[in-house]
Amino acid sequence: MAKRARYCKKVRSIAKKEVGELMREKTFILSLLIQLFIASFSTFLVIGLTSFYDPTIMGDIEMQGISVAVVGTEENELYKLLQESKINTRLYSDLTPAYGDFYEHRVDAIVIAPPGPPEGTDILNVDIYLPKSEIKATLISLQLKEPLEKFEQHVRDIRTQRLPGYSPIEVNINKRGIKTSSTYFEFIYVALLPLLVFTPAFISGGLVIDFITEEFERKTMELLLVTPASMLEIVSGKVLVAVAIVPLQALAWMLLLSMNRIAIMNFFTILLMVTLIGLILVLTSSIISVIFRERGVAQLLYSMVLIFLFMASYLFTNSPLNLVTRLSIDSIGASESALWVGLYTLVALALCMLTVATVKKTYKNN
């Protein structure tokens, strides 16, 4: 009992020393600030980033203040369809005054409706003038898409019936009630949340390498070993600090996401899962650091292991990244989540025993 108390006291002393050095590490503080910025303004970032790879999500945003000039007549079918949409339209009989207002920014786009009737035989061309601003032009074109498609279908319905031997093909599509998921939902729970909560675990794996290898490279490990602390106690203290900051950061990021009105279920199970993955990565890094003792080599090997694990996670349904997604949206049962938490706990315990064996063997050989 007294031996265990002395062991814990020495580990705490090493951990206290590492915390002081960690607070002076500028790279670590900068990474914290970047994560803090992402978590604090996640709602704005999500809307902005999702609009880059899927602009259609902006289609539901009401285009208040957007005005489109339509060159044509009140009887034109395209003008009627544009009026039925959410777009504010201004009717012009000629392009010249419409272009003048477009140049003076009194209207945001120009649509020249085809003069011929849909029942005619002439080709119907629709000319559109959009602003140079790419974002504004994209938003306006998204709003114009639906009425233009309706107009095209209206003309096709009329003109195809005049084709000789015209007989429409009947396509029967079985609707199974499957709904497509929201891009916004996918980005938050599949990309943003797992990346944000696991980033502290990835960083801690690299931090513990610096903690250990710098002691070897600066020749201060020998000084620590002449103290009452053993090699195992020194490594344990450094591992303790690297693992302890993982749940603290993950908790802060999830609280900030919740403040941005992003609902997260199974809060504490996610924290436990992230802590276990952080422990696994830190122990793996510790073994690499104790064996190789050079920062560059150890960081390279850790990066390769991390990339391999990251790529392999997409092959398994219940990889840590997917488990956090499933837990956050409450799509996993309590027994199944307990099973996977137990499995990852066993992996962490096995790595813990391997770390102890590696440290004892390395220390014995020195």
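Heavy-atom basis, side chains included; hydrogens, waters and symmetry copies ignored.
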Undergrad: Could you go through Asp101 and Tyr92, starting from their C-alpha distance and side-chain angles, then the distance that decides it, and tell me whether this counts as side-chain contact (heavy atoms from CB on, under 4.5 Å)?
TA: CA-CA 10 Å; Asp101 286 348; Tyr92 293 81; 2.4 Å; yes
Undergrad: Tell me whether Arg159 contacts the main-chain N or O of Pro118 through its side chain, where contact means a donor paired with an acceptor under 3.5 Å.
TA: yes
Undergrad: If every non-hydrogen atom of Pro131 is compared with every non-hydrogen atom of Phe102, which pair is closest and at what distance?
TA: N-CZ, 3.9 Å
Undergrad: Flag the pair Val208 / Ser285 as yes when at least one side-chain heavy-atom distance between them is below 4.5 Å, and no otherwise.
TA: yes
Undergrad: Could you go through Leu82 and Val68, starting from their C-alpha distance and side-chain angles, then the distance that decides it, and tell me whether this counts as side-chain contact (heavy atoms from CB on, under 4.5 Å)?
TA: CA-CA 9 Å; Leu82 288 170; Val68 175; 5.5 Å; no
Undergrad: For Phe310, enumerate each residue passing the ring pair (Phe, Tyr, Trp, His ring centres under 6.0 Å) test, keeping only those at least two apart in sequence or located in another chain.
TA: Tyr314
Undergrad: Say whether Tyr103 and Tyr129 are linked into one hydrophobic cluster, either directly or through other cluster members, by side-chain heavy-atom distances under 4.5 angstrom.
TA: no
Undergrad: Are Ile270 and Ser328 close enough that some pair of their side-chain heavy atoms sits under 4.5 Å apart?
TA: yes
Undergrad: Could you walk me through whether Leu327 and Met265 satisfy the side-chain contact (heavy atoms from CB on, under 4.5 Å) test, starting with their C-alpha distance in whole Å, then the side-chain angles of each, then the deciding distance to 0.1 Å, before giving a yes or no?
TA: CA-CA 6 Å; Leu327 286 167; Met265 308 299 290; over 6 Å; no
Undergrad: Output the distance between atom CG (Asp330) and atom OG1 (Thr269), rounded to the nearest 0.5 Å.
TA: 9.5 Å
Undergrad: Is there a side-chain contact between Pro114 and Val126 (heavy atoms, below 4.5 Å)?
TA: yes
Undergrad: Tell me, do Val341 and Met273 make a side-chain contact under 4.5 Å, heavy atoms counted?
TA: yes
Undergrad: Count the heavy atoms belonging to other residues, nucleotides or ligands that lie under 6.0 Å from CZ of Phe216, then report whether that count exceeds 12.
TA: yes
Undergrad: Hey, mind stepping through Leu78 and His154 against side-chain contact (heavy atoms from CB on, under 4.5 Å) and telling me if it holds?
TA: CA-CA 10 Å; Leu78 178 58; His154 176 67; over 6 Å; no
Undergrad: What are the two closest heavy atoms between Pro147 and Leu81, and how far apart are they?
TA: O-CD1, 3.7 Å
Undergrad: Do Tyr79 and Thr73 make a side-chain contact, defined as non-hydrogen atoms from C-beta onward lying under 4.5 Å apart?
TA: no
Undergrad: Verify the cluster assignment for Ile287 and Leu349: are they in a single hydrophobic cluster under the rule of side-chain heavy atoms below 4.5 Å apart?
TA: no
Undergrad: Hey, could you give me the CG/CD distance between Asp157 and Glu152, rounded to the nearest 0.5 Å?
TA: 10.5 Å
Undergrad: Just verifying a value: how many Å separate Ile264 CD1 and Leu255 CG, rounded to the nearest 0.5 Å?
TA: 8.5 Å
Undergrad: Going hydrophobic residue to hydrophobic residue with side-chain gaps under 4.5 angstrom, can you get from Ile128 over to Val70?
TA: yes
Undergrad: Measure across Val246 and Ser204 and return the closest heavy-atom pair with its distance rounded to 0.1 Å.
TA: CG2-OG, 3.3 Å
Undergrad: Show your reasoning for whether side-chain hydrogen bond (donor to acceptor under 3.5 Å, both in side chains) applies to Arg326 and Asn266.
TA: CA-CA 10 Å; Arg326 294 184 65 191; Asn266 299 305; over 6 Å; no
Undergrad: More than 12 foreign heavy atoms under 6.0 Å from CD of Glu119: is that the case here?
TA: yes
Undergrad: At their closest point, which heavy atom of Leu196 faces which heavy atom of Trp253, and how far apart are they?
TA: O-CD1, 3.4 Å
Undergrad: So, do Tyr189 and Ile262 sit near enough that their side-chain heavy atoms are less than 4.5 Å apart?
TA: yes
Undergrad: Using the rule that Ile, Leu, Val, Met, Phe, Trp and Tyr join whenever any side-chain heavy atoms are under 4.5 Å apart, tell me whether Ile209 and Ile307 fall into a single cluster.
TA: no
Undergrad: Out of the candidates Glu214, Glu233, Glu215, only one should pair with Lys238 under the salt bridge (Lys or Arg N to Asp or Glu O under 4.0 Å) rule; please name it.
TA: Glu215
Undergrad: Are Glu84 and Lys80 close enough for a salt bridge, meaning some N to O gap below 4.0 Å?
TA: no
Undergrad: What's the shortest heavy-atom distance between Leu257 and Leu193, and which atoms?
TA: CD1-CD1, 3.5 Å
Undergrad: Can you give me the closest heavy-atom contact between Phe267 and Ser258, atom names plus distance?
TA: CE1-OG, 3.8 Å
Undergrad: Flag yes if Leu281 and Leu351 sit in one hydrophobic cluster, no otherwise; membership is Ile, Leu, Val, Met, Phe, Trp, Tyr, and two members link when side-chain heavy atoms are under 4.5 Å apart.
TA: yes
Undergrad: Side chains of Arg293 and Thr213: closer than 4.5 Å at any heavy-atom pair?
TA: no
Undergrad: To the nearest 0.5 Å, how far apart are OG in Ser67 and CZ in Arg106?
TA: 11.0 Å
Undergrad: Under a 4.5 Å cut-off applied to non-hydrogen side-chain atoms, are Val111 and Val71 in contact?
TA: no
Undergrad: Got a donor-acceptor contact below 3.5 angstrom from the Thr325 side chain to the Leu321 backbone?
TA: yes
Undergrad: Over 60° means perpendicular and under 30° means parallel, so tell me whether Phe198 and Phe202 are parallel, tilted or perpendicular.
TA: parallel
Undergrad: Let me confirm one number: the CD-CG distance from Glu217 to Asp210, rounded to the nearest 0.5 Å.
TA: 9.0 Å
Undergrad: Output the distance between atom CG (Leu283) and atom CG (Leu354), rounded to the nearest 0.5 Å.
TA: 9.0 Å
